[in-house]
Each structure stands twice: as C-alpha cells, then as structure tokens.
2 protein chains.
Amino acid sequence: MAEHDIPRATAKRLPIYYRYLKLLLDAGTTRVSSNELSDAVKFDAATIRRDFSYFGALGKRGYGYDVKALMTFFGEILNQDTLASVALVGVGNLGQALLNFNFHQSSNARISAAFDINEDIVNTIQAGVPVYSLDDLEKQISDQRIDVAILTVPAPVAQDLANRLAKAGVHGILNFTPLRLDVPSDVRVQNVDLTNELQTLLYFINNFGGAEA
Amino acid sequence: MAEHDIPRATAKRLPIYYRYLKLLLDAGTTRVSSNELSDAVKFDAATIRRDFSYFGALGKRGYGYDVKALMTFFGEILNQDTLASVALVGVGNLGQALLNFNFHQSSNARISAAFDINEDIVNTIQAGVPVYSLDDLEKQISDQRIDVAILTVPAPVAQDLANRLAKAGVHGILNFTPLRLDVPSDVRVQNVDLTNELQTLLYFINNFGGAEA
DNA sequence: GCCCTTATGTGAACTAAATAACAATTGTTT
DNA sequence: AAACAATTGTTATTTAGTTCACATAAGGGC
Ligand SMILES: NC(=O)c1ccc[n+]([C@@H]2O[C@H](COP(=O)([O-])OP(=O)(O)OC[C@H]3O[C@@H](n4cnc5c(N)ncnc54)[C@H](O)[C@@H]3O)[C@@H](O)[C@H]2O)c1
Ligand SMILES: NC(=O)c1ccc[n+]([C@@H]2O[C@H](COP(=O)([O-])OP(=O)(O)OC[C@H]3O[C@@H](n4cnc5c(N)ncnc54)[C@H](O)[C@@H]3O)[C@@H](O)[C@H]2O)c1
C-alpha cells in the first residue's frame with residue numbers, strides 16, 4: 001500500500017472524482033481533460049492534476065485521461081469492490097432519512113443494522129434495515145463485522161454511545177451530533193455539523209456575501 | 001464592520017464556540033480558559049486564542065475569559081439578535097428531517113417556507129412550515145425576504161433550481177445534492193456532501209485508521 | 001514523416017492555517 | 001506588598017495546500 005503521504009485534502013476529493021468519472025462513463029465519454037473535470041467539480045485544474053500525480057502518471061500529455069481506466073484505478077483505491085457494512089445509531093428524523101436514502105446505490109457502503117431505544121420501532125424493519133435494541137449493539141457489531149457507525153442520537157447520549165461503539169470495535173464514526181466526541185486514537189471521527197454549516201453560511205452572507213466556501 | 005480579514009477557518013469555528021459558551025452559561029459557569037475550551041471543542045488551545053485575538057483582547061491574562069461577556073460578543077458577530085428566514089427546496093427524505101429539526105431552537109435561523117413538486121404535499125403544512133408549489137418560489141422568496149435556501153432535491157434538477165434561486169435573489173445555498181453548482185459570484189454555496197463524508201471516512205479507515213479528520 | 005496543437009506532470013512560488021513558545025499581565029495567596 | 005501561579009496575546013516557526021508557469025510528450029492532420 002503506497003498510498004501513505006497522500007494529502008488529506010486530496011483524499012477528500014477522491015470520491016468526488018470517482019463519482020463524476022462514473023457519470024462520464026455512463027454517458028459514453030471516453031476521454032477527459034483536467035480542465036473539463038475542473039468545470040464539473042469546481043476544483044482548480046492544477047489541483048486536479050496534482051491530486052492525480054500522487055498516484056503516478058495517469059494521463060497522456062496532449063490528450064488527457066482515459067475515463068474508463070481512471071475510474072477503474074480510483075475504484076480500487078476507494079475499495080469499490082468490497083461492500084462496507086455500516087451501523088446507524090438513532091433512528092429519528094435524520095436517521096430515518098439516511099436509512100431511506102440507500103447509500104448502496106451510489107457508494108460501496110450500506111447500512112446493515114440500525115439501533116434505537118424507542119420500543120415502537122425496535123424489532124421492526126425500516127427501509128429494509130432491521131432495527132435492533134441497544135442491548136444488541138455489541139453483539140451485532142461483532143457478528144456483522146461492522147466497523148463504521150453513523151451517530152444520529154440526541155447530544156446528551158452521544159458520548160456514551162461513542163464509548164460503546166469504540167469498545168465494540170468500530171473504527172469510524174460519522175457524527176451528526178453537535179458534540180465533539182472523545183474517542184480512542186484508533187477510532188476516526190468525521191463530524192457533520194449541519195447547524196454549524198447553516199450558521200457559517202449565514203455569517204458569511206451577513207458580513208460579506210458572494211463566492212464559494 | 002471590522003470583521004474583514006478574519007480567516008475562513010476561524011469563521012467556521014465561531015458558531016461552535018458560541019454554542020459551547022451558551023452551554024457553559026446555562027450551567028452557571030462564569031469563567032473559562034482556552035485550555036478548557038480546547039478540551040470541549042477539540043481545537044488546539046493556541047488556535048482558540050488566535051481565533052479570539054482577531055476580535056481584540058477578549059480575555060484577561062492569568063484568568064481566562066468571562067463566559068457571559070464572550071458569549072454576548074460572539075452573539076453579536078453571529079447576528080443572534082435577528083432571525084434569518086430560510087427556504088427549503090425539496091421536501092423528501094432529507095428535507096423532511098430538516099423541517100422536523102427546528103433550527104430555530106439552536107440557532108438564529110428558521111425554515112419559513114418549503115417548496116416541492118409533489119402534489120400530495122403541496123399546500124399542506126409540514127412540521128409547522130407551509131409547503132408551496134414551485135410556481136410560487138420567486139414570489140415567496142421575494143415577499144418573505146428570504147436570502148438563504150436549503151437544496152434537497154434530486155441531482156438532475158439541482159442546477160435549474162439553483163439558477164432560479166439565484167435569480168430570485170437568494171444569497172446563499174446550502175447544497176445537499178452531489179452536484180457542484182454554478183452560481184453567480186454574489187451567491188455563496190456551502191456543499192454538504194453526505195455520501196462523500198462517508199466514503200472519505202471509509203477510505204481513511206481502510207488505508208490507515210485512527211485519528212480525527 | 002513533420003509540424004502543430006493540446007494538455008500533462010511538476011518545480012517553484014505563494015497563500016492559508018496550525019502550532020510552538022514565551023514575555024507580558026493579571027489575580028491570588030501569604 | 002511581594003512572590004507566585006496562571007493564562008493570555010502575539011511573534012516566530014512549521015506544516016499543509018493551492019496555484020502558476022512551462023518544459024515535455026503525445027496525438028492528429030496534412
Ligand atoms: N435532524 C436534523 O436536521 C439535524 C440537524 C442538525 C443536527 N442534528 C443532530 O442530529 C442528531 C439527531 O437528530 P434528529 O433530529 O434525528 O433527532 P431525533 O430526536 O429525531 O432522533 C433521535 C433518535 O435517537 C433515539 N435515541 C435516543 N436515545 C438513544 C440512545 N441512548 N440510544 C439509541 N438511540 C437513542 C431516539 O429514540 C430517536 O429515535 C441530534 O444530535 C441533532 O442535534 C439533526
Ligand atoms: N437522504 C439522504 O440521506 C441523502 C444522502 C446523501 C445525499 N443526498 C442528496 O440529497 C438530495 C435529496 O435526497 P432525498 O433522499 O431527500 O431525496 P428524495 O427523493 O426523498 O426527495 C427529493 C424531493 O424533491 C422533490 N422534487 C423533485 N423535483 C423537484 C423539483 N424540480 N422542484 C422541487 N422539488 C422537487 C421530490 O418531490 C422529493 O420530495 C439528493 O440530491 C440526494 O442525492 C441525500
């Protein structure tokens with residue numbers, strides 16, 4: 001695995017490249033230039049070329065990139081061949097929306113187990129996914145070899161659940177709660193703070209206006 | 001308005017500071033140090049002190065910061081006194097979840113109008129918010145002086161709607177679609193790409209593991 | 001086969017942000 | 001009131017990421 005020393009910022013753009021390449025391929029396009037990509041994904045063309053260059057010389061000078069080859073290449077890097085099982089903890093407003101949206105269609109992940117304390121939904125199937133009692137958390141995570149969890153519970157219980165998830169062997173948490181979680185160093189947290197996104201947008205608009213964030 | 005030249009990265013942290021200060025105040029805490037803040041919000045203490053310093057000398061050496069004063073100060077910067085009206089375009093899975101979650105409780109914004117093409121919900125009230133026909137988009141945005149929209153529609157119609165929103169006078173779009181929108185330079189787009197967040201998390205876990213993103 | 005156009009890959013320059021380190025200043029204790 | 005402990009505000013340093021600019025190489029036309 002030679003993909004150490006890839007900048008974090010580059011890694012975050014990989015899925016976006018991949019998604020757009022898939023789109024191009026579906027449309028029958030066979031070649032693409034960094035400038036065309038730039039128009040679509042809105043990163044500077046030089047940034048795109050540099051990103052690609054971390055993985056070697058993937059293009060041809062004067063020609064561009066072969067869509068199919070590039071897509072296949074990134075597909076491997078992003079593990080598109082293996083399907084990751086994900087747990088959803090907290091089947092409320094947001095949890096339901098994520099369940100209904102099938103990540104599977106558009107990515108290499110699917111939510112395979114959900115957890116809640118609400119007796120009305122425990123032991124039901126929601127959007128094709130079984131909702132388990134919280135008591136089964138550790139067992140299901142272990143049995144299903146789940147190593148990523150989506151956390152959509154009320155803030156006051158978020159840290160407790162993060163602790164349990166970490167102990168149960170999860171390696172990543174997509175955290176939708178406003179709380180900044182404490183986790184062991186072998187667990188990666190990705191925060192998605194929707195209220196913050198909206199407030200930041202409002203701040204920029206009120207104080208300046210215009211341009212991308 | 002002296003708040004030009006505030007780094008983008010700092011601006012994105014302001015709502016997080018504000019939220020935590022409110023929490024402290026509610027708990028009756030009167031003073032706080034950059035180190036205590038650091039524990040809670042998980043940014044380096046030096047980063048926090050630097051962030052604050054852009055706004056002047058807000059603390060006292062050897063003492064820390066006065067919670068109440070600091071909160072009031074940031075409250076003004078974040079326009080907490082005025083309530084921003086926001087439009088929601090696309091009342092599907094995600095749109096419903098955002099409607100049900102009342103931003104108003106936790107921020108200075110509230111969704112005051114929703115739009116969809118689905119006849120089953122047009123002209124109904126969802127979670128206290130009227131759902132209008134798309135035909136009324138321009139009129140409502142103008143009448144209600146809405147300048148931010150949340151976009152939760154299918155990707156294929158996203159650019160069209162962004163065009164209409166921009167023309168109708170909106171200055172900010174919180175974009176949940178995977179599409180990177182083209183907008184006039186006086187419109188700010190904040191992308192929230194949930195599939196990308198999950199895929200990036202998976203990439204990091206598969207290739208390395210551990211630590212915060 | 002030669003010339004011309006095109007677009008890559010990358011060294012160098014630039015910009016932004018995070019962190020370290022510490023002198024300056026305040027509150028507190030004795 | 002002097003000594004001490006704590007914690008800021010900021011200067012300097014380091015790290016990360018973006019963009020420029022161009023020599024280099026490929027393809028396509030003639
Ligand atoms: N919905 C949004 O648009 C939105 C926006 C910003 C932030 N958030 C954050 O996302 C989180 C979820 O929001 P929501 O609107 O879906 O909340 P919600 O109240 O609708 O859902 C929370 C769910 O968690 C379950 N739950 C409660 N305690 C639990 C426990 N100990 N273990 C397992 N499940 C438990 C509840 O039964 C409920 O189903 C919150 O932290 C919220 O602050 C949501
Ligand atoms: N739900 C998720 O968890 C999730 C995750 C990642 C990305 N997204 C993205 O968010 C967007 C919305 O997702 P969703 O799951 O809520 O989809 P959805 O299909 O449930 O909802 C889309 C809504 O938009 C409405 N709509 C369709 N065309 C419209 C038009 N021209 N004008 C106004 N409204 C229109 C539909 O009637 C529907 O109510 C999509 O772009 C999706 O890719 C969603």
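To find a chain, count down the sequence lines: A is the first, B the second, and so on, and within it residues start at 1. Heavy-atom basis, side chains included; hydrogens, waters and symmetry copies ignored.
- Contacts with DNA chain C (heavy atom under 4.0 Å) in residues 28-37 of chain A: Ser33(A), Ser34(A), listed by number.
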Problem - Sequence-aligned protein contact record of nucleotides 16-23 of chain C, with B where the base is within under 4.0 Å of a protein heavy atom and S where only the sugar-phosphate is - result: -SSBBB-B

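- By the 30° and 60° cut-offs, the orientation of the rings of Phe52(A) relative to Phe74(A) is tilted.
- Under 3.5 Å, the side chains of Gln199(A) and Ser107(B) contain no donor-acceptor pair of N or O atoms.
- When rounded to the nearest whole Å, the span between OH of Tyr54(B) and P of dG9(D) equals 14 Å.
- Taking the side chain to side chain contact (heavy atoms under 4.5 Å, CB included) definition, one finds that Glu138(A) meets it with Arg164(A), Ala168(A), sequence neighbours left out.
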Handout entry: Candidate pair Lys60(A) and Asp66(A), rule salt bridge (Lys or Arg N to Asp or Glu O under 4.0 Å), full reasoning
Key = CA-CA 8 Å; Lys60(A) 285 182 187 163; Asp66(A) 182 84; over 6 Å; no

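- Residues Ile150(B) and Phe176(B) approach most closely at CG2-CE1, 3.6 Å, considering heavy atoms.
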Practice task
Dump the intermediate steps for side-chain contact (heavy atoms from CB on, under 4.5 Å) on Leu70(B) and Tyr17(B), then the final yes or no.
Solution key: CA-CA 9 Å; Leu70(B) 198 57; Tyr17(B) 296 137; over 6 Å; no

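- Side-chain nitrogen and oxygen atoms of Lys60(A) include none within less than 4.0 Å of the OP1 or OP2 phosphate oxygen of dA25(D).
- Remark: C1' of dT8(C) and CG of Leu70(A) are 13 Å apart, rounded to the nearest angstrom.
- Shortest non-hydrogen contact noted between Phe55(B) and Asp51(B) is CD1-O, 3.5 Å.
- With Asn108(A) contributing its side chain and Asn79(A) its backbone, the two residues share a donor-acceptor pair below 3.5 Å.
- What separates CD1 of Ile48(B) from P of dT8(D) is a distance of 9 Å, to the nearest Å.
- For Phe52(B) and dG9(D), the CZ to P distance is 9 Å, given to the nearest whole Å.
- Atom CZ in Phe55(B) sits roughly 14 Å away from atom P in dT10(D) (whole-Å rounding).
- Applying the 4.0 Å criterion to OP1 and OP2 of dG9(C), one finds that Tyr65(A) has a side-chain N or O inside that range.
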